[in-house]
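Take a look at the structure below.
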Amino acid sequence: MKKNIAEIIEIANELYEKGLVSGKSGNISARFKKEDNDIVAITPTLKSLSNLKEKDIVLVDLNGNTLTKGKPSSEVNMHLGIYKKRPDVNAIVHTHSPYATGFAHSSKKIKRYEGFGEIKSPFLVEVEYEKPGSNQLAKKTSENIKNEDALILKNHGVICVGENLKEAELLAIFVEEIAKSQFVTYMLNSVEDII
């Protein structure tokens with residue numbers, strides 16, 4: 001498990017360096033399947049993802065009981081809700097990346113691009129706003145994640161899931177890149193309208 005905690009710290013640093021999280025925003029978790037009860041390692045609340053140490057990562061069970069010292073992310077219930085709904089998911093990355101979060105705060109939707117696999121619907125699914133850290137947000141997110149690997153949390157940010165941490169991170173990076181491309185497209189189209 002020590003190796004997996006080291007990977008959480010590595011991914012956290014990468015997300016911070018790539019600008020997908022800033023300040024003390026964002027959170028990451030990974031599930032470790034056990035015979036009797038799964039364990040989730042999650043980043044702590046009110047700490048930047050830029051400089052985490054092994055002792056900062058909090059272990060919880062699927063019922064939210066803390067197994068180590070420290071206080072888990074305020075979004076712990078959202079992570080646990082997703083793991084309960086999706087046995088295939090072993091990692092979750094929640095970012096406030098600027099372009100995708102800009103879309104989350106606007107009336108524009110993010111179109112699906114090649115790279116998500118088969119395009120079954122034209123836009124990324126959006127979850128209506130609920131207070132961050134609330135049980136309502138956890139419930140809505142877990143309900144909407146059933147057939148999705150990425151969700152836009154309205155007026156909040158992005159959540160991406162994967163079979164492992166690298167997969168979830170790559171998806172979060174991809175969502176930000178397509179949001180950036182679409183933002184540039186909107187800007188260029190608006191300039192054309194003026195000319």
Side-chain angles (χ1 to χ4, degrees), residues 1-98 100-101 127 129-142 145 149-151 153 155-173 176:
M1 187 176 295
K2 207 166 186 172
K3 182 183 172 195
N4 302 102
I5 289 172
E7 189 182 8
I8 290 175
I9 293 167
E10 179 188 335
I11 298 289
N13 280 326
E14 288 176 9
L15 290 172
Y16 194 90
E17 287 168 11
K18 291 178 188 303
L20 274 69
V21 295
S22 61
K24 296 179 180 178
S25 71
N27 38 74
I28 302 170
S29 71
R31 172 180 21 204
F32 309 103
K33 296 191 176 182
K34 303 283 183 186
E35 281 183 27
D36 52 344
N37 189 18
D38 292 353
I39 294 173
V40 173
I42 188 165
T43 52
T45 192
L46 297 175
K47 282 206 174 186
S48 171
L49 296 188
S50 67
N51 195 24
L52 294 174
K53 307 282 186 264
E54 187 178 322
K55 65 181 174 66
D56 296 323
I57 305 304
V58 183
L59 300 182
V60 299
D61 65 21
L62 283 182
N63 295 317
N65 300 307
T66 55
L67 307 173
T68 56
K69 289 183 180 178
K71 191 173 178 187
S73 165
S74 61
E75 302 288 11
V76 66
N77 289 330
M78 180 169 68
H79 288 248
L80 297 177
I82 292 169
Y83 288 128
K84 288 174 185 173
K85 288 273 187 189
R86 294 281 303 272
D88 59 314
V89 166
N90 295 313
I92 299 169
V93 169
H94 171 42
T95 69
H96 296 181
S97 51
T101 302
V127 176
Y129 178 80
E130 293 290 351
K131 186 179 176 187
S134 68
N135 288 330
Q136 293 88 343
L137 178 62
K139 185 172 186 287
K140 280 188 178 178
T141 303
S142 64
I145 201 76
D149 290 333
L151 295 173
L153 307 179
N155 300 322
H156 187 163
V158 179
I159 194 139
C160 296
V161 302
E163 190 178 339
N164 56 58
L165 279 165
K166 199 66 190 170
E167 190 178 294
E169 178 197 27
L170 289 173
L171 185 54
I173 293 167
E176 180 65 357

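Positions are given from 1 along the sequence.
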Partners passing ring pair (Phe, Tyr, Trp, His ring centres under 6.0 Å) against His79 (at least two apart in sequence or in another chain): none

Taking side-chain hydrogen bond (donor to acceptor under 3.5 Å, both in side chains) as the definition, give me every residue that meets it alongside [X], ordered by chain and number, with sequence neighbours left out.
{"X": "Thr101", "value": "none"}
{"X": "Lys53", "value": "Asn51"}
{"X": "Asn135", "value": "Asn77"}
{"X": "Asn37", "value": "none"}

Looking at Leu80, Leu165, Ile159, which hits side chain to side chain contact (heavy atoms under 4.5 Å, CB included) with Ile92?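 With Ile92 as partner, side chain to side chain contact (heavy atoms under 4.5 Å, CB included) holds for just one option, Ile159.
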
Residues Leu171, Val93; criterion side-chain contact (heavy atoms from CB on, under 4.5 Å); working and verdict: CA-CA 9 Å; Leu171 185 54; Val93 169; over 6 Å; no

Quick check: do [X] and [Y] have side-chain heavy atoms less than 4.5 Å from each other?
{"X": "Val40", "Y": "Tyr83", "answer": "yes"}
{"X": "Glu169", "Y": "Leu15", "answer": "yes"}
{"X": "Thr95", "Y": "Val21", "answer": "yes"}
{"X": "Pro44", "Y": "Leu52", "answer": "yes"}

Pair listing, side-chain hydrogen bond (donor to acceptor under 3.5 Å, both in side chains) test, anchored in residues 4-21, at least two apart: Glu14-Lys166

I'd like to know if the side chain of [X] and the backbone of [Y] have a donor-acceptor N/O pair within less than 3.5 Å.
{"X": "Thr43", "Y": "Ile28", "value": "yes"}
{"X": "Thr141", "Y": "Ala138", "value": "no"}
{"X": "Ser142", "Y": "Ile82", "value": "no"}

How far apart are the closest heavy atoms of [X] and [Y], and which atoms are they?
{"X": "His96", "Y": "Ser25", "result": "ND1-CB, 3.4 Å"}
{"X": "Cys160", "Y": "Ala168", "result": "CB-O, 3.7 Å"}
{"X": "Asp38", "Y": "Arg31", "result": "OD2-CD, 3.1 Å"}
{"X": "Pro72", "Y": "Ile42", "result": "CB-CG2, 3.6 Å"}

Can you measure from CG (Leu59) to CD1 (Ile39) and round to the nearest 0.5 angstrom? 6.5 Å

Straight-line distance of Glu167 CD to Asn90 CG, nearest 0.5 Å: 9.5 Å

Please list, chain by chain and in numerical order, all residues satisfying side chain to side chain contact (heavy atoms under 4.5 Å, CB included) with [X], sequence neighbours excluded.
{"X": "Glu130", "answer": "Ser134, Gln136, Leu137, Lys140"}
{"X": "Asn65", "answer": "Asp61, Asn63"}
{"X": "Lys69", "answer": "none"}
{"X": "Ala100", "answer": "Ser97, Ile110, Val158, Val175, Glu176, Ala179"}

Pairs satisfying salt bridge (charged side-chain N to carboxylate O under 4.0 Å, His left out), at least one member in residues 40-51, at least two apart: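 Sorted pair list: Lys47-Asp56.
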
Filter on salt bridge (charged side-chain N to carboxylate O under 4.0 Å, His left out), then keep only pairs touching residues 72-89, sequence neighbours left out; what's left? Arg86-Asp88, Arg86-Asp149

Begin from the C-alpha positions of Thr68 and Val58 and carry the test side-chain contact (heavy atoms from CB on, under 4.5 Å) through to its verdict. CA-CA 6 Å; Thr68 56; Val58 183; 3.9 Å; yes

When you look at NZ of Lys131, are more than 12 heavy atoms from neighbouring residues, nucleotides or ligands closer to it than 6.0 Å?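 At most 12 heavy atoms, drawn from other residues, nucleotides or ligands, come within 6.0 Å of this atom.
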
